[in-house]
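Chain letters run A, B, ... following the sequence lines, proteins first, then strands; residues in each count from 1.
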Amino acid sequence: MKIYNTLTRTKEEFVPLTPGEVRMYVCGVTVYDLCHIGHARSAIAFDVIRRYLHYKGYRVTFVRNFTDVDDKIIRRAAEEGVGALQMSDRYIREFREDMAALGVLPAHVEPKATEHIAEMIALIERLVAGGFAYAVDGDVYFEIRRFPAYGRLSRKNLEELLAGARVEVDERKRDPRDFALWKAAKPGEPAWPSPWGAGRPGWHIECSAMSMHYLGESFDIHGGGEDLIFPHHECEIAQSEAGTGKPFVRYWIHNGFVNLGAEKMSKSLGNVLAIREVVKRHAPDALRLWMLGTHYRNPIEWSEERAQEAARALERFRPLIADADRLAPGVIGSRDAALDAPSDATALRSRFEAAMDDDFNTAEALAALFDLARVVHAYRNAVAHGDDSARAAFLGGASELFALLRVLGLFEVATTHPVLLPELRGHIEKLVAERDAARKSRDWTRADQLRTQLKELGVTVEDTPSGSVWTWRGV
RNA sequence: GGCGGCGUAGCCAAGUGGCCAAGGCGGAGGUCUGCAAAACCUCUAUUCAGCGGUUCGAAUCCGCUCGCCGCCUCCA
């Protein structure tokens, strides 16, 4: 399996530190507002990576943090007249709600910065003791010059960084490029006691402290949006490696942006589309399929039309569930229903795996699954036309297909449809039976009338040689 | 200014040296069907922004030109 490593800008063979085990950390969100579809992309990209590693048989430990103390949180909380922690708690709940709606699995550990202040202080003390950091008036800064590898991840030239620095120069710093590890408290701000006085952590230190706390001083994968490469991840490497003297992370993975129109979506530009809004109009699987159609490192442009296309594409898979379920209830969902897939299906599974092994190429992997769907549909047609020998191939192929779709987080629930009330179900079944009777007596007018009536209830009726099949997709 | 990315069919999007350039959406024709829906089959890029070069061979490597975008500041 190959992974594109931002550190080397090449695809590298993936070799975890401990055989059979993967430890990964992904930078989560700063909780001061609702999440937008850019956050959704990052979450889904790493959700798929994590699922695929699990599928490959690795024991995965996945950590995703919450930044719950920060300038923006403090400012927003002050504006709304609520406590900072109260505000961050609220948006953590909102985040979890959004992730659940998107079918993104929870991380194994979801640490909050405010609950790991002690680990941060300990790390900062190590840095000060090692001569990598210095305290000024209750602030503590990391001294960039003491860490020559600074700039390696983002390929920044330190001299140019200095020349191009647009930040206002803080005279107390030894070097304008030095960054804050600890910030002295201003009146009214959340603060914790520390050897340098009351204050709060700088942004970067939390991820170093929490990732090493849960995953060890060296671990396998660290991810996030590509905007985090500099300065965030650059600073994390500096702090962590200066503190421990050990390599911090083996593989750095960064996802591309979601653009709105031609422009990057960002809160500071004010052009954001909340996940909350999007899931009102589009099925989670449609959004996921849309995103996975583009490689995770490439930019992707949001549009309603793209999402609708994805929803139509999804319909190539869906009818197979209902049919497989009718022939052999439970086959699709259950793991122990080990059916032998026909050889054309297993060949496509190999193609799926080869694509995913190549830096998680979900676009290519999906192509294999659409091809697999075509194969399974052909078996389905054969069964529908009375060829009983195709039955096993159909069921085996279908269970293979949906097992692989689930690796991408699609069709998680085997029979995804809204809850159908028993009374409505009874009513529908009565109409379908009535229509069947009309068809038997060749009363086509009546049959078509009933089809129209059913359609108004959200029911699609398909006539097959083995009888009429109906599906309900809500009204 | 520095660093990086992108430009592939009507639209979206894989492919980064060599079988006919994946797949999806859309479109055209056909099979099946009482009608229909779904599905299946066939077709829909002699060509990969443009121009030069390297090579037996390039969408893929190199150079130049044009166009678009990101990072360098909080940001997934």
Side-chain angles (χ1 to χ4, degrees), chain A residues 6 9 11 26-30 32 35-46 70-72 75 151 154-157 159-161 163-168 203 223-232 234 254-259 262-269 272 289-290 292-295 297-301 303 305-306 308-316 318-320 322-323 351 355 358 361-371 373-382 384-385 439 442-445 447-448 451-452 455 460-465 468-471:
Chain A
T6 307
R9 310 279 160 120
K11 283 182 199 171
V26 173
C27 288
V29 293
T30 301
Y32 70 102
C35 288
H36 55 65
I37 54 175
H39 297 110
R41 186 183 193 195
S42 188
I44 287 172
F46 288 102
D70 148 280
D71 291 349
K72 291 188 292 290
R75 194 188 328 127
S154 54
R155 309 254 157 141
K156 302 249 177 253
N157 177 312
E159 306 315 311
E160 281 158 2
L161 255 185
R166 280 186 263 163
V167 220
E168 74 284 11
W203 175 35
E226 64 180 3
D227 54 331
L228 297 182
I229 295 170
F230 188 90
H232 188 52
E234 194 72 72
H254 293 96
N255 65 275
F257 275 108
V258 177
N259 295 142
E263 247 185 350
K264 148 187 181 176
M265 171 163 46
S266 92
K267 286 179 190 169
S268 41
L269 291 173
V272 294
L289 187 67
W290 162 66
L292 299 183
T294 299
H295 186 89
R297 281 191 281 115
N298 292 146
I300 186 171
E301 192 171 317
S303 95
E305 199 190 337
R306 290 292 91 73
Q308 281 160 15
E309 275 177 23
R312 283 194 288 273
L314 216 47
E315 295 309 311
R316 295 184 52 69
R318 200 186 308 282
L320 295 172
D323 248 35
R351 217 178 104 202
D358 183 16
N361 190 336
T362 52
E364 178 71 39
L366 278 171
L369 297 188
F370 279 111
D371 282 347
R374 182 171 302 120
V375 166
V376 177
H377 267 125
Y379 286 122
R380 178 200 185 218
N381 278 353
H385 284 86
R439 290 184 71 231
R442 309 185 70 80
D443 182 354
W444 309 125
T445 316
D448 289 346
R451 183 200 289 287
T452 310
K455 194 173 179 180
T460 308
V461 187
E462 295 179 38
D463 300 324
T464 74
S468 298
V469 183
W470 61 272
T471 47

Heavy atoms only, 4.0 Å cut-off, all strands: where does A/Val26 land among base, sugar-phosphate and nothing?
nothing

Any residue meeting side chain to side chain contact (heavy atoms under 4.5 Å, CB included) with A/Arg297, in chain and number order, not counting sequence neighbours:
A/Tyr4, A/Lys11, A/His295, A/Asp359

For A/Asp371, give me all partners under salt bridge (Lys or Arg N to Asp or Glu O under 4.0 Å), at least two apart in sequence or on another chain.
A/Arg351, A/Arg374

If you look at every strand shown and take non-hydrogen atoms under 4.0 Å, does A/Asp70 touch a base, only sugar-phosphate, or nothing?
nothing

Tell me the interatomic distance from A/Lys156, atom NZ, to B/G70, atom C1', rounded to whole angstroms.
11 Å

In whole Å, what separates the C1' atom of B/C12 from that of B/A22?
14 Å

Only counting residues at least two apart or in another chain, list the ones meeting salt bridge (Lys or Arg N to Asp or Glu O under 4.0 Å) with A/Arg451.
A/Asp463

In whole angstroms, how far is the P atom of B/C6 from the CG atom of A/Asn259?
15 Å

Rounded to the nearest Å, what distance is computed from the CG atom of residue A/Asp443 to the C1' atom of nucleotide B/C35?
13 Å

With the side chain of A/Asp463 defined as its heavy atoms from C-beta on, choose the nearest nucleotide among B/C35, B/C25, B/A76.
B/C35

May I ask which nucleotide in the shown strands pairs with B/G7, Watson-Crick or G-U wobble, both distances under 3.5 Å?
B/C66

Salt-bridge contact A/Arg312-A/Glu315 (side-chain N to carboxylate O under 4.0 Å)
no

Need one value for A/Gly28: base, sugar-phosphate or nothing, where a base atom within 4.0 Å counts as base even if backbone is also close, heavy atoms only.
sugar-phosphate

Heavy-atom closest contact (A/Asn255 atom, A/Ser42 atom, distance):
OD1-OG, 3.0 Å

Using the side-chain heavy atoms of A/Trp444, tell me which of these nucleotides is nearest: B/C71, B/A22, B/G34.
B/G34

Each nucleotide N or O in nucleotides 40-42 of chain B that has a protein N or O under 3.5 Å away: list the pair and distance.
{"unit_1": "B/C40", "atom_1": "OP1", "unit_2": "A/Arg316", "atom_2": "NH2", "d": "3.3"}
{"unit_1": "B/C40", "atom_1": "O4'", "unit_2": "A/Asn381", "atom_2": "ND2", "d": "3.4"}

Value in whole Å for how far the P atom of B/G4 lies from CD of A/Glu234:
14 Å

Which whole-number value in Å describes the distance from A/Glu315 CD to B/A39 C1'?
13 Å

Gap between atom CG of A/Leu292 and atom CZ of A/Arg41 - 0.5 Å precision
9.5 Å

Let me confirm one number: the CZ-CG distance from A/Arg316 to A/Leu289, rounded to the nearest 0.5 Å.
11.5 Å

From NE2 of A/His385 over to P of B/A38, roughly how many Å is that when rounded to an integer?
16 Å

Side chain of A/Ala367, heavy atoms from C-beta onward: which of B/G23, B/A76, B/A37 has the nearest atom to it?
B/G23

Tell me which nucleotide among B/A76, B/G70, B/A38 gets nearest to the side chain of A/Glu226.
B/G70

Nearest listed nucleotide, side chain of A/Arg351, among B/A38, B/A76, B/A22
B/A22

Which part of the nucleic acid does A/Gly224 contact within heavy-atom distance under 4.0 Å: base, sugar-phosphate only, or nothing?
sugar-phosphate

Pairing partner of B/U42 (Watson-Crick or G-U wobble, both distances under 3.5 Å):
B/A28

Can you name the residues that form a side chain to side chain contact (heavy atoms under 4.5 Å, CB included) with A/Glu226, not counting sequence neighbours?
A/Ile229, A/His254, A/Phe257

How many Å lie between CZ on A/Arg451 and C1' on B/G34, as a whole number?
11 Å

Length of the line joining A/Ile229:CD1 and B/G2:P, which is rounded to integer Å
20 Å

What is the per-nucleotide protein-contact pattern of nucleotides 9-21 of chain B, from the 5' end, where B denotes a base atom under 4.0 Å from a protein heavy atom, S denotes such proximity for sugar-phosphate atoms only, and - denotes neither?
--SSSSS------

